[in-house]
Amino acid sequence: MLGLFSFNKSIASLSVAMRQYLLITANYWAFTLTDGALRMLVVLYFHQLGYSPLNIAMLFLFYEIFGVVTNLVGGWLGAKLGLNKTMNIGLALQIIALVMLCVPIEMLSIIYVMAAQALSGIAKDLNKMSAKSAIKVLLPENSEGKLYQWVATLTGSKNALKGIGFFLGGVLLSTLGFQGALWVMATALTCVWLLSLPLLKSDLGKSKNKPKFSELFSKSPAINALSAARLFLFAARDVWFVVALPVYLAMQFKWDHWWVSGFMACWIIGYGIVQTLAPRFTGKTQGLLPTGKTAFKWAVYLSVLPTCIAVALITDFYPEQSLIIGLLVFGAIFAVNSSLHSYLIVSYADQQNVSLDVGFYYMANAMGRLLGTVLSGWVFQYAGLQACLLISTSFIVLAAIISTQLPNKNANLIL
């Protein structure tokens with residue numbers, strides 16, 4: 001009888017954890033749709049208004065800068081206040097950011113849009129940090145196989161939804177206009193926020209020992225190395241992806257809003273699907289879990305692609321086809337790299353203060369996005385997409401070199 005009672009209790013506990021996981025995932029999905037749509041709306045709308053690539057990049061400057069700060073402080077807030085509060089604060093700030101942009105066009109100065117994007121950047125990173133940290137909290141210790149699968153599913157589904165958001169942004173801009181699109185998204189996200197407030201557990205991820213502010217910076221060599229690798233990995237993507245690619249497609253190939261947003265959407269959706277399947281590509285079928293060596297190997301695979309695409313563009317070798325096919329392959333391999341990193345950080349993180357470690361890691365992620373975003377506008381404006389791709393290669397090589405310092409924590413661990 002005692003054994004049966006324990007079994008039923010464990011099933012009930014798992015059921016609660018699963019319900020919270022599904023709620024967090026749905027919350028994250030809704031936020032991600034608006035985040036992807038807003039990014040595409042801003043890029044296409046302000047390009048349409050005649051903004052230069054560098055000026056468009058500057059619109060996202062505060063978005064990325066405040067992402068760095070938010071991830072660093074957000075991990076501490078998550079441990080102190082609870083992940084439910086940081087997630088709901090993120091949703092509320094995104095709603096405010098969307099409404100801020102629903103003003104007459106003459107009020108949309110660069111500084112004003114940068115301020116709205118700053119709120120959106122804070123919102124995005126509070127939401128993401130909360131979702132990723134919550135998975136570690138919801139699962140029992142020594143559940144590495146399930147942890148990898150849950151992280152891969154959350155991350156992959158989020159990016160697939162972000163791709164749909166890119167497409168949604170282009171469609172809404174073409175059909176409802178800039179302000180109409182923003183009002184629709186703000187209304188939908190408000191409904192999600194009102195549901196989220198009472199349903200998320202109030203003590204989710206709250207640290208038993210109140211963390212000190214001085215504990216924001218990680219003291220773990222493994223997390224420091226993984227964070228540095230992540231910085232260069234995401235700088236390598238955003239140096240061509242954020243501004244250079246959509247503007248290049250519109251200028252060079254004369255694609256309209258539907259085609260640009262459609263391609264970007266397909267890229268992100270495919271990227272997200274591959275992320276959910278990443279465990280199959282990294283040894284799950286053999287019962288193995290990823291290690292630092294796995295991260296190094298996949299970074300090496302990725303490093304070849306941007307140079308190949310750049311050479312094809314420089315030599316005018318079927319430029320449109322080479323760019324599209326090359327970036328689709330890049331997206332698939334990058335997805336595996338990203339999924340590996342997302343698992344490793346949650347695996348390396350301390351169970352009691354997981355949000356602190358995850359927050360520090362995503363602070364490095366945001367720094368990489370900031371570096372890539374600024375370079376995407378600046379390098380593209382003065383040297384073209386080919387230069388952006390060559391810089392991408394150099395960043396991936398740096399990420400691979402740093403990955404050699406990652407521990408092989410799960411080298412002998414099987415699922």
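Note that the coordinates shown come from a computational prediction; the quantities given were computed from them, not determined experimentally.
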Spacing of Leu231 atom CG and Ile402 atom CD1 [to the nearest 0.5 Å]
8.0 Å
Hey, does the side chain of Asp256 reach the backbone of Trp259 with a donor-acceptor pair shorter than 3.5 angstrom?
yes
Heavy atoms of other groups near Trp255 CH2, more than 12 under 6.0 Å
yes
Worked verdict on Val304 versus Cys308 for side chain to side chain contact (heavy atoms under 4.5 Å, CB included):
CA-CA 7 Å; Val304 179; Cys308 291; 3.7 Å; yes
Checking Ser338 side chain against Phe334 main chain: does a donor-acceptor pair fall under 3.5 Å?
no
Checking the side chain of Asn337 only, and the main-chain atoms of Ala299 only, is there a donor and an acceptor separated by less than 3.5 Å?
yes
Would you indicate whether the side-chain heavy atoms of Ser342 and Tyr362 approach each other to under 4.5 Å?
yes
Any idea which heavy atoms bring Ala118 and Phe62 closest together, and the distance?
CB-CB, 3.6 Å
Could you give me the CA-CA distance, side-chain angles and deciding distance for Val374 and Phe60, then say whether side chain to side chain contact (heavy atoms under 4.5 Å, CB included) is met?
CA-CA 8 Å; Val374 174; Phe60 296 102; over 6 Å; no
Any donor-acceptor pair under 3.5 Å from Ser403 side chain to Ala399 backbone
yes
With distance as the sole test, does Ser376 use its side chain to make a donor-acceptor pair with the main-chain N or O of Val243 at under 3.5 Å?
yes
Determine yes or no for a side-chain-to-main-chain donor-acceptor pair under 3.5 angstrom, with Gln179 supplying the side chain and Val103 the backbone.
yes
Please tell me if the side chains of Asn365 and Arg369 come closer than 4.5 Å, counting only heavy atoms from C-beta onward.
yes
For the residue pair Tyr361 / Asn224, report whether a side-chain donor-acceptor contact shorter than 3.5 Å exists.
no
Taking the side chain as everything from C-beta on, heavy atoms only, tell me whether Leu323 gets closer than 4.5 Å to Leu249.
yes
Which value, rounded to the nearest 0.5 Å, describes the distance between Leu197 atom CG and Asn88 atom CG?
4.5 Å
Would you say Thr307 and Thr393 are linked by a side-chain donor-acceptor pair, where the criterion is simply a distance under 3.5 Å?
yes
Leu176 vs Leu182 side-chain heavy atoms within contact, under 4.5 Å:
no
Is there a side chain to side chain contact (heavy atoms under 4.5 Å, CB included) between Thr373 and Phe241 once you walk through the steps?
CA-CA 8 Å; Thr373 297; Phe241 185 77; over 6 Å; no
Are the side chain of Ser339 and the backbone of Val336 linked by a donor-acceptor contact shorter than 3.5 Å?
no
Are there more than 12 heavy atoms of other residues, nucleotides or ligands under 6.0 Å from atom CE of Met40?
yes
Donor-acceptor contact below 3.5 Å, side chain Ser322 vs main chain Tyr318
yes
For Arg230 versus His341, what's the shortest heavy-atom pair and its separation?
NH1-CB, 3.2 Å
Any side-chain heavy atom of Cys102 sitting closer than 4.5 Å to one from Phe178?
no
Quick one: CG on Leu91 to CG on Leu195, what's the gap to the nearest 0.5 Å?
10.5 Å
Less than 4.5 Å apart, side chain to side chain, heavy atoms only: is that true for Leu189 and Leu33?
no
Taking the cut-offs as 6.0 angstrom to the six-membered ring centre and 45 degrees off its axis, would you call Arg39 and Tyr63 a cation-pi pair?
yes
Kindly compute the distance separating CE (Met185) from CG (Leu38), expressed to the nearest 0.5 Å.
5.5 Å
Would you give the length of the straight line joining atom OG1 of Thr86 to atom CG of Leu126, rounded to the nearest 0.5 angstrom?
6.0 Å
Write down the atom of Leu108, the atom of Tyr51, and the distance for their closest heavy-atom approach.
O-OH, 3.6 Å
Is Leu327 close to Trp267 at the side-chain level, that is, under 4.5 Å between some pair of heavy atoms?
yes
Would you say that Trp193 contacts Gln94 through its side chain, given a criterion of any heavy-atom pair below 4.5 Å between the two side chains?
no
Let me know which of Phe380, Phe395, Phe330 forms a ring-ring contact (aromatic ring centres under 6.0 Å, His included) with Trp240.
Phe330
Can a donor-acceptor pair be found, under 3.5 Å and without considering hydrogens, that links the side chain of Ser392 to the backbone of Arg237?
no
Checking Val300 against Ile396 for the side chain to side chain contact (heavy atoms under 4.5 Å, CB included) test, could you report, in this order, the C-alpha distance in whole Å, the side-chain angles of both residues, the deciding distance, and whether it holds?
CA-CA 8 Å; Val300 171; Ile396 298 168; over 6 Å; no
Could you pull out the closest heavy-atom pair between Ala235 and Leu371, with the gap in Å?
CB-CD2, 4.1 Å
For the pair Lys254 and Glu320, find out whether any cationic side-chain nitrogen is under 4.0 Å from an anionic carboxylate oxygen.
no
So does Met100 get a backbone contact from the side chain of Tyr112, meaning a donor-acceptor N/O pair under 3.5 Å?
yes
Looking at every heavy atom in both Leu406 and Ala222, which two are closest together, and how far apart are they?
CD2-O, 3.7 Å
Rounded to the nearest 0.5 Å, how far apart are OG of Ser196 and CG of Asn127?
8.5 Å
So which atom in Gly170 and which in Leu44 form the shortest heavy-atom distance, rounded to 0.1 Å?
CA-CD1, 4.3 Å
